Enquirer: 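This is the structure I have questions about; it appears just below.
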Protein chains: 2
Amino acid sequence: MKPELCKVDQALGILVGKWKPIILLHLFNEGTQRFSELKRLMPEITQKMLTKQLRELEDEDIVNRVVYPQVPPKVEYSISAYGQSLQPVLAVMHEWGTNHASHIAKMKNDYVIGDSLVK
Amino acid sequence: MKPELCKVDQALGILVGKWKPIILLHLFNEGTQRFSELKRLMPEITQKMLTKQLRELEDEDIVNRVVYPQVPPKVEYSISAYGQSLQPVLAVMHEWGTNHASHIAKMKNDYVIGDSLVK
DNA sequence: CAGGATCCACGGTGATACTG
DNA sequence: CAGTATCACCGTGGATCCTG
């Protein structure tokens, strides 16, 4: 079987990107946001990256981009109607991810205790 | 909020890798497999990549690696007890991914029809 | 059989500067 | 304000050869 035929990769494809999950989280939680508001919510992201990741999400019809023709410019981003369908997916991943973090922590801890040695 | 704090990234982290989803799919569907069997199931993967991705999944306690001390070597891989917890996650992603593929196809199709122009 | 070791190409990401 | 343009780095993945 070829990797392209694995549908999991379809979902993975739109989520992969250093900032995409956090961008989606903000749009889901805080609702419609302007470009500058998203930037303020994620101080470490560069404008270039924010633009790029938003464009990619827009191309996949996950987010809506609304431009107000005025000066200074105003652009609002929001989760599209179709994008709402991602919510359960993100919820499952978030839940599993939360548990996984503690699972790995516990594994390492057990090892240290059993070995009586750090590192 | 820092991207590292997004738990979705935890799940993403263990799934990201060109061959990981397909490897997991085979281990879930076909059960325990030898290294060479996995290689045969995925003719396009290189030995280096198969080894690397399996090691990473093993490090996350998703797959078990059992070495039989014999000549020639025999190594079997399987989904770990903990790794089973990934099944619902993959199922949701697979389902969403399947629908997404047709959604995007439909979008492009609508565009072509509405515009009466190809490309 | 199941890797390990190298070398290399490519794309994603970041820093910075500029613009309508 | 909301981008675009350019340059540079680095990790992922691939090709190839070697080994217990």
Side-chain angles (χ1 to χ4, degrees), chain A residues 1-6 8-9 12-24 26-27 30 32-60 62-78, chain B residues 1-4 6 8-9 11-24 26-27 30 32-60 62-78:
Chain A
M1 182 183 292
K2 304 196 173 189
E4 305 81 63
L5 298 179
C6 180
V8 172
D9 284 330
L12 231 41
I14 78 105
L15 261 6
V16 168
K18 186 169 177 181
W19 304 93
K20 282 180 190 168
I22 200 80
I23 289 173
L24 291 173
H26 284 306
L27 290 178
E30 336 272 340
T32 301
Q33 299 286 317
R34 296 183 59 169
F35 185 86
S36 55
E37 291 172 329
L38 286 172
K39 180 77 181 67
R40 213 172 313 118
L41 289 170
M42 300 171 283
E44 299 178 288
I45 197 175
T46 62
Q47 289 191 338
K48 171 190 166 185
M49 273 303 109
L50 183 52
T51 299
K52 183 169 178 255
Q53 309 259 305
L54 283 169
R55 285 289 190 286
E56 291 173 8
L57 290 171
E58 187 193 1
D59 289 342
E60 301 289 348
I62 307 299
V63 309
N64 287 139
R65 177 172 179 264
V66 179
V67 180
Y68 296 83
Q70 62 185 42
V71 179
K74 174 178 171 182
V75 181
E76 285 185 344
Y77 293 92
S78 57
Chain B
M1 182 184 292
K2 303 195 173 189
E4 304 82 63
C6 181
V8 171
D9 284 330
L12 230 41
I14 78 106
L15 261 5
V16 168
K18 186 169 178 180
W19 304 93
K20 282 179 190 168
I22 200 81
I23 289 173
L24 291 173
H26 284 306
L27 291 178
E30 336 272 339
T32 301
Q33 298 286 318
R34 295 185 58 171
F35 185 87
S36 56
E37 291 172 329
L38 286 172
K39 180 77 180 68
R40 213 172 313 118
L41 289 170
M42 299 170 284
E44 299 177 286
I45 197 175
T46 62
Q47 289 191 338
K48 172 194 165 185
M49 274 302 109
L50 183 52
T51 299
K52 184 170 176 253
Q53 310 259 307
L54 283 169
R55 285 288 189 287
E56 291 174 7
L57 291 171
E58 187 193 1
D59 290 342
E60 301 288 347
I62 306 299
V63 309
N64 287 140
R65 178 172 180 264
V66 179
V67 180
Y68 295 83
Q70 63 185 40
V71 178
K74 174 179 173 182
V75 180
E76 284 185 345
Y77 293 91
S78 58

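Numbered from 1 within each chain, the chains take letters A, B, ... in sequence-line order. It should be emphasised that the depicted structure is a prediction, and the values quoted were computed from it without experimental measurement. Just so it is clear, the values below take in all heavy atoms, side chains as well, and ignore hydrogens, waters and symmetry mates.
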Enquirer: Round to a whole Å and report the spacing from CD1 of A:I23 to C1' of C:dT13.
Expert: 13 Å
Enquirer: With heavy atoms under 4.0 Å as the rule, sort B:P73 into base, sugar-phosphate or nothing.
Expert: base
Enquirer: Grab the CD-C1' distance between A:E37 and D:dG3 for me, whole Å please.
Expert: 16 Å
Enquirer: What is the nucleic acid contact for A:K48, judged by heavy atoms within less than 4.0 Å: base, sugar-phosphate only, or nothing?
Expert: base
Enquirer: Contact class for A:Y77 vs. all strands (heavy atom < 4.0 Å): base, sugar-phosphate, or nothing?
Expert: sugar-phosphate
Enquirer: Would A:H26 and A:M42 count as a side-chain contact (heavy atoms from CB on, under 4.5 Å) if you check the C-alpha gap in whole Å, the side-chain angles of each, and the deciding distance to 0.1 Å?
Expert: CA-CA 9 Å; A:H26 284 306; A:M42 300 171 283; 3.9 Å; yes
Enquirer: When you look at B:Y68 and B:R34, which way does the side-chain contact (heavy atoms from CB on, under 4.5 Å) test go after all the steps?
Expert: CA-CA 11 Å; B:Y68 295 83; B:R34 295 185 58 171; over 6 Å; no
Enquirer: Quick one: B:F35 CZ to D:dT19 C1', roughly how many Å, whole number?
Expert: 14 Å
Enquirer: Would you say D:dA2 has OP1 or OP2 under 4.0 Å from some side-chain N or O of A:R65?
Expert: no
Enquirer: Rounded to the nearest angstrom, tell me the gap between atom CD in B:Q53 and atom P in C:dA2.
Expert: 18 Å
Enquirer: Mind checking side-chain contact (heavy atoms from CB on, under 4.5 Å) for B:E58 and listing every partner two or more places apart, or none if nothing turns up?
Expert: B:R55, B:V63, B:R65
Enquirer: Just the rounded figure in Å: distance from C1' of D:dT4 to CG of A:L54.
Expert: 15 Å
Enquirer: Is there a side-chain contact between B:T46 and the phosphate of D:dA15, meaning an N or O under 4.0 Å from OP1 or OP2?
Expert: no
Enquirer: Determine whether A:K20 and A:E56 satisfy the following criterion, side-chain contact (heavy atoms from CB on, under 4.5 Å), listing intermediate values before the conclusion.
Expert: CA-CA 9 Å; A:K20 282 180 190 168; A:E56 291 173 8; 2.6 Å; yes
Enquirer: Between A:R34 and D:dA2, does any side-chain N or O lie under 4.0 Å from OP1 or OP2?
Expert: yes
Enquirer: Atom CD of B:Q47 and atom P of C:dC1: how far apart are they, to the nearest Å?
Expert: 10 Å
Enquirer: Please classify the nucleic acid contact of B:K52 as base, sugar-phosphate, or nothing, using heavy-atom distances under 4.0 Å.
Expert: sugar-phosphate
Enquirer: Measure CE/A:M42 against C1'/C:dT13 and give the value in whole Å, please.
Expert: 15 Å
Enquirer: From the list D:dG13, D:dG3, C:dG14, which nucleotide is the closest neighbour of the side chain of A:V75?
Expert: D:dG3
Enquirer: Whole angstroms only, please: what is the CG-P distance between A:D9 and D:dT12?
Expert: 17 Å
Enquirer: Would you say A:E60's side chain and A:I14's backbone share a donor-acceptor pair under 3.5 angstrom?
Expert: no
Enquirer: From C:dG3, C:dT13, C:dC1, pick the nucleotide closest to the side chain of B:R55?
Expert: C:dG3
